[in-house]
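In each ligand, atom 1 is the first atom listed, and ligand 1 is the first ligand listed. One is the number of the first residue; the rest follow in order along the sequence.
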Amino acid sequence: MFVMNTLDDKTLLTAGAIGLGIAASFVFSLYNNTLQKQKKDSLLRGGLREVPVPSEGYPYIGHAASLGSLPAITIKNWHEKLGPLICLHMGIQRWVFISDPNIAHQIFVRNGIKTSERQKHRFAQDIYGKGGRGIVFNQTSKKWKTTRSMALTILSPKYTEQFEGSIENVAKKTLRALIEITNTEGSVAPKEHIRRATYGTMFKAIFGESIDPFKNNIITQTLEMTDKGVTYIRPEADIGSFFPIFAWISTFMHPMKVVEEVTLWRDTYYKNLIDEAIAADCNSLVKHAYSLKEESGLDDTDILVMISDLMSAGGDTTSVSLHWLLAILSRYPDVQKKMGEEIDTFISKNNRTPLYSDRDELPYTVATLRENLRFRSPTTFGIPHYTSTDVEACGYFIPADTVLISSMHAMHMNPDVYDEPEKFKPERFLGDSRTWSASNNGSIEERDNYSFGWGRRVCPGIHFAEVEIFDTAVNILAACTIEPAIDSKGQPEYVNLDSGLEKGVVFAPEDYKVRFIQKTKNS
Ligand code: HEM
């Protein structure tokens, strides 16, 4: 999520500025301590606990420089020391992390009315969101509800399944490339291919079959635009909201002119594609959205921002999940073998590759994809929520204006929730045939993982993600095995599953190479 290294390098530039910050914080903290003490006394009188604060903080900047290169691991360690709720000071902001799924449920779902806002962010809301439009960064306004409900309709199972043919085509095309590169170069780094495939699939679903995402650099432009957008949308891009005395650096580093240019580029680009999709003679999410436009009361700009949201929220999350899956399968040949055999048995019985609707016949594959989401979730913290008012839950007091973050990695590695959490064990989910959507929207006791967020904000793309990941994985394993690369001494080069890169909202494996070995007919 939040790569504080970037923040260190670019912003904490001068010792003078830090000195000024410390002086300001000293005066502020004298005043603040008195207020805090009064509040603490009254909390204790009410029998409520304060959320504990890790001791590794500094004056003024708080914990911003203590998160290390893998914040998910640091946070998990702090939870182990201090309990299921911890409070970090990020400059003047208060961030509460939650690692217990039951407490998270109480806070995000039971108290959802108070805990479902997003933190104010100049670029994400005012410029990218064009003054509070779209879903991801919008506050829980009436317009957010209408836009979210339109997205849920157009991403519904009935509609999503129409795009399975496209997913299969894109997966097959990608796979051919991966096998070919393995054959010519000995191994291949699948990251960019998988990313292009998931964006290609999103592209076809959103804009329709008539636009070929692999032609005319369409995907290259979309990725470039998404990467630029992510740079400005990251919390640290609005550094003045953490460290007001450094607000001038924020303006200096990200002049609003550049931010506006990126948004203008996005608007023109998507407007043209939306016009083409409406005029085309084929189905698309754009067409479906426009068929609902009048009754929804949303205008063209609302739909454009929603489409942009779907592309950026759906592209990298699914691609990172698949990138982890391939890495994991290359390390767990037994799991891969069982999946491959299950898929091969289906193919020899039915003479075709399984579709999502055949998932009941592939219980081990279904369990492996569930375990993949738990073991290496594509996002370790999701998207932060924000409290609009004071919250009391499970004996804790969380004040208004607190950033709330679910520590997904810590939840997924919690031995009280999962038996032997450090092991990749698809068997733990065997027999669970529910859709991902059903298990994420059901009771907290029945949730299988926490990767899709919470309550009123829970990801509306769960079903789309499940179909896309299922179809892509099945098509890959129907055609080949994934094996470690071989080094110059003929030894296998195993992918490191214990490290990763926090990039924006997603947590991706470090770049790796594997081999895609085509199956022979009799293998
Ligand atoms: C494995 C794939 C995915 C994962 C792990 C994932 C995860 C998440 C998470 C953690 C959130 C934040 C929830 C919260 O605030 O509590 C979210 C929100 C969202 N996701 Fe996904 N997502 C995935 C795929 C998709 C896809 C395929 C789409 C669209 C096609 C999508 C669209 C969205 C949107 C629009 C939101 C914002 C919801 C809101 O703020 O109300 N996601 N997702």
Side-chain angles (χ1 to χ4, degrees), residues 1 98 104-105 107-109 112 115-119 124-125 129 132-141 143-156 159-160 163 167 194 198-199 201-206 233 285-286 288-289 305-325 369-370 372-374 376-386 403-409 411-412 436-437 440-441 447-473 504-508:
M1 68 154 212
I98 307 146
H105 185 81
I107 292 174
F108 291 120
V109 183
T115 60
S116 300
E117 296 305 329
R118 297 286 190 218
Q119 188 182 13
Q125 281 147 8
R133 296 168 194 258
I135 311 171
V136 182
F137 302 108
N138 203 350
Q139 305 299 2
T140 58
S141 61
K143 187 165 266 189
W144 165 80
K145 253 192 208 159
T146 313
T147 319
R148 194 179 147 93
S149 119
M150 181 188 266
L152 281 165
T153 310
I154 66 175
L155 294 168
S156 65
Y159 204 68
T160 298
F163 301 109
I167 300 175
I194 295 296
T198 52
Y199 272 87
T201 298
M202 289 294 304
F203 218 89
K204 285 200 167 215
I206 291 178
I233 281 167
L285 296 183
V286 163
H288 198 177
V305 179
M306 178 191 76
I307 293 295
S308 166
D309 271 353
L310 297 187
M311 189 61 100
S312 31
D316 278 335
T317 42
T318 39
S319 111
V320 164
S321 189
L322 283 162
H323 200 206
W324 275 120
L325 179 72
L369 299 182
R370 262 187 221 290
N372 179 52
L373 271 184
R374 180 205 70 84
R376 290 293 178 263
S377 180
T379 156
T380 40
F381 297 107
I383 306 174
H385 290 213
Y386 195 72
V403 176
L404 289 176
I405 299 174
S406 87
S407 301
M408 289 172 187
H409 178 69
M411 284 181 195
H412 291 145
W436 289 1
S437 196
N440 276 280
N441 286 295
R447 272 191 86 160
D448 54 353
N449 73 77
Y450 310 99
S451 300
F452 291 102
W454 300 92
R456 302 173 84 196
R457 289 280 182 176
V458 74
C459 174
I462 302 176
H463 186 73
F464 193 97
E466 182 176 12
V467 175
E468 185 175 356
I469 290 173
F470 177 90
D471 282 341
T472 309
V505 166
V506 294
F507 178 66

Of the protein's non-hydrogen atoms, which lies at the shortest distance from [atom], and what is that distance?
atom: atom 13 (C) of ligand 1; answer: R457 O, 3.2 Å
atom: atom 32 (C) of ligand 1; answer: A313 CB, 3.5 Å
atom: atom 27 (C) of ligand 1; answer: G314 CA, 3.5 Å
atom: atom 7 (C) of ligand 1; answer: S451 O, 3.4 Å
atom: atom 6 (C) of ligand 1; answer: F452 CD2, 3.6 Å

Run down the list [options] and name the one with the heavy atom closest to [atom].
atom: atom 18 (C) of ligand 1; options: C459, A205, G315, S406; value: C459
atom: atom 14 (C) of ligand 1; options: R148, M311, H385; value: H385
atom: atom 23 (C) of ligand 1; options: T317, L322, V506, L285; value: T317
atom: atom 36 (C) of ligand 1; options: G382, P378, P460; value: P460
atom: atom 37 (C) of ligand 1; options: V136, T318, T380, I154; value: V136

Legend entry - Under 3.5 Å: N/O of R456 near N/O of ligand 1: no
Inset, instruction - Look only at interatomic distance and state if T379 has a nitrogen or oxygen under 3.5 Å from any nitrogen or oxygen of ligand 1. - result: no
Inset, instruction - Could you tell me if any non-hydrogen atom of R118 lies under 4.0 Å from any atom of ligand 1? - result: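 Yes, R118 has a heavy atom closer than 4.0 Å to ligand 1.
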So which bit of [X] gets within less than 4.0 Å of ligand 1, heavy atoms only: side chain, backbone, both or neither?
X: M202; result: side chain
X: F108; result: neither
X: I383; result: both

Kindly indicate whether the side chain of [X], heavy atoms from C-beta on, has any atom under 4.5 Å from the side chain of [Y].
X: R457; Y: W144; answer: yes
X: T147; Y: R133; answer: no
X: Y159; Y: L285; answer: yes

Inset, instruction - Any chance you could measure Q119, atom CD, to I383, atom CD1, to the nearest 0.5 Å? - result: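 Rounded to the nearest 0.5 Å, the CD-CD1 separation comes out at 12.5 Å.
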Legend entry - Those atoms of ligand 1 less than 4.0 Å from some heavy atom in W144: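 Near W144, the atoms of ligand 1 are 41 (O).
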Inset, instruction - May I ask you to list the atoms of ligand 1 that are less than 4.0 angstrom from any heavy atom of M408? - result: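 That gives atoms 10 (C) of ligand 1.
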Inset, instruction - Evaluate the ring planes of H412 and Y450, with Trp represented by its six-membered ring, and classify them as parallel (under 30°), tilted (30 to 60°) or perpendicular (over 60°). - result: parallel
Legend entry - Mutual orientation of the aromatic rings belonging to W454 and H105 [parallel < 30°, tilted 30-60°, perpendicular > 60°]: perpendicular
Legend entry - Shortest non-hydrogen contact from V505 toward G382: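 For V505 and G382, the tightest heavy-atom pair comes out as CG1-O, 3.9 Å.
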Donor-acceptor pair, [X] side chain versus [Y] backbone, under 3.5 Å?
X: R118; Y: V136; answer: yes
X: E466; Y: W436; answer: yes
X: H409; Y: T380; answer: no

Inset, instruction - Before giving the answer on side chain to side chain contact (heavy atoms under 4.5 Å, CB included), spell out for L310 and L155 the whole-Å C-alpha distance, their side-chain angles and the decisive distance to 0.1 Å. - result: CA-CA 10 Å; L310 297 187; L155 294 168; 4.1 Å; yes
